[in-house]
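In this text, all values refer to a predicted model and were calculated from it rather than measured experimentally.
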Amino acid sequence: MRINNIKSNLQFYLMTTGKTIKDLKVEVILIFCIKLIHEYIQSEDDKLDFGYSCYMTKEEQNLLYIKIKELENHLLKQIFTIEEIYRIINDKSSKESLIKAIVMEPRLYFYDILVKRFISKMNLFSDNGTKYYIPELLALYLIIDIKEKGYSFKEFRFIEDFDFFSLIEIYNKINIQIKRTNHIKLNTPLINQTTINQMQHLSLYLINVLEEAKYINKKKLSPSF
């Protein structure tokens, strides 16, 4: 297909990468997960306590940190961070850099949709203006949920082999304990549910948002290419 016949940046992305829209949306989820995981790693390295470590054994805390750090390292080898994407898109120094920016733009398009909905939903979970969430748990749920929707991770073998459920089980035990202590029932409104339950809900919501999102091209390819 000739460049001049390409009508959108998404079409150009699909043509040049050989990927599908589903592949693109998997990548967008992983870009968002890198951001979430980085927040968790940074808080752990800075010794910040968000209130869940008291429910974990030292072994569970160490396992969680080691495995999440391992996941981050693997992701960074294959996935662009959002900071790298912005740098590429803002680089207009040459024809080659502009082509790279066009290929990158659909990633940013769907990422922005995801983040805007994330922020909007988090506002519903706020308590007196304070927003509570568990970034590493949300990242785990997002990957699990999009896999269960049938999205392929064939390019990311480490994700196929990663033991997500042993980490999820740590939070499941905490969730049971918190529910018992605070008398939280299945029919308790979501706003009053545990933060862990809210992360489950948030993950499914964001996956559905991304699944339904349609690409609307706003930037035209340069006819000089």
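- Two different hydrophobic clusters hold Tyr171 and Ile184 under the rule that ILVMFWY side chains link at heavy-atom gaps under 4.5 Å.
- By the rule that hydrophobic residues join a cluster once side-chain heavy atoms approach within less than 4.5 Å of another member, Leu204 and Met122 end up as members of separate clusters.
- Between Glu160 and Arg157 there is no salt bridge, since no side-chain nitrogen of the basic residue lies less than 4.0 Å from a carboxylate oxygen of the acidic one.
- A single hydrophobic cluster is not seen to contain both Ile66 and Leu75; linkage of ILVMFWY side chains at heavy-atom distances under 4.5 Å, directly or through other members, places them apart.
- With respect to Ile37, the side-chain contact (heavy atoms from CB on, under 4.5 Å) criterion is satisfied by exactly one of Asn73, Leu76, Ile68, Leu30: Ile68.
- Exactly one residue among Tyr111, Phe32, Tyr205 makes a ring pair (Phe, Tyr, Trp, His ring centres under 6.0 Å) with Phe118. That residue is Phe32.
- Between Glu136 and Lys69 there is no salt bridge, since no side-chain N of the basic residue sits under 4.0 Å from a carboxylate O of the acidic one.
- Transitive grouping of hydrophobic side chains (ILVMFWY, heavy atoms separated by less than 4.5 Å) brings Phe165 and Tyr151 into a common cluster.
- Among Leu138, Ile178, Leu202, Ile134, the one residue that satisfies the side-chain contact (heavy atoms from CB on, under 4.5 Å) test with Thr195 is Ile134.
- Each of Asn175, Asn182, Thr188 was checked for a side-chain hydrogen bond (donor to acceptor under 3.5 Å, both in side chains) with Thr194, and the lone residue meeting it is Asn175.
- The shortest distance between side-chain heavy atoms of Lys22 and Lys25 does not fall below 4.5 Å.
- Between the side chains of Glu105 and Tyr215, at least one donor-acceptor pair of N or O atoms lies under 3.5 Å.
- Taking the side chain as every heavy atom from C-beta outward, Glu148 and Ile207 never approach each other to under 4.5 Å.
- In this model, a donor atom of one side chain and an acceptor atom of the other lie less than 3.5 Å apart for Tyr141 and Gln200.
- The backbone N or O of Leu206 sits nowhere less than 3.5 Å from a side-chain atom of Lys121 that would complete a donor-acceptor pair.
- Lys147 NZ: more than 12 foreign heavy atoms inside a 6.0 Å radius.
- Ionic pairing of Glu60 and Lys173 is present here: one or more N-O contacts between side-chain nitrogen and carboxylate oxygen are shorter than 4.0 angstrom.
- No more than 12 heavy atoms of other residues, nucleotides or ligands shown are found within 6.0 angstrom of NZ on Lys35.
- A donor-acceptor distance shorter than 3.5 angstrom exists from the side chain of Gln198 to the backbone of Leu190, with no hydrogens or angles considered.
- No more than 12 heavy atoms of other residues, nucleotides or ligands lie within 6.0 Å of CD1 in Ile21, so this atom counts as exposed by the packing criterion.
- Side chains of Leu108 and Phe80 form no contact here, defined as non-hydrogen atoms less than 4.5 Å apart.
- Hydrophobic clustering (side-chain heavy atoms under 4.5 Å, transitive across Ile, Leu, Val, Met, Phe, Trp, Tyr) groups Ile216 together with Val103.
- No hydrogens or angles considered: a donor-acceptor pair under 3.5 Å links the side chains of Asp23 and Thr20.
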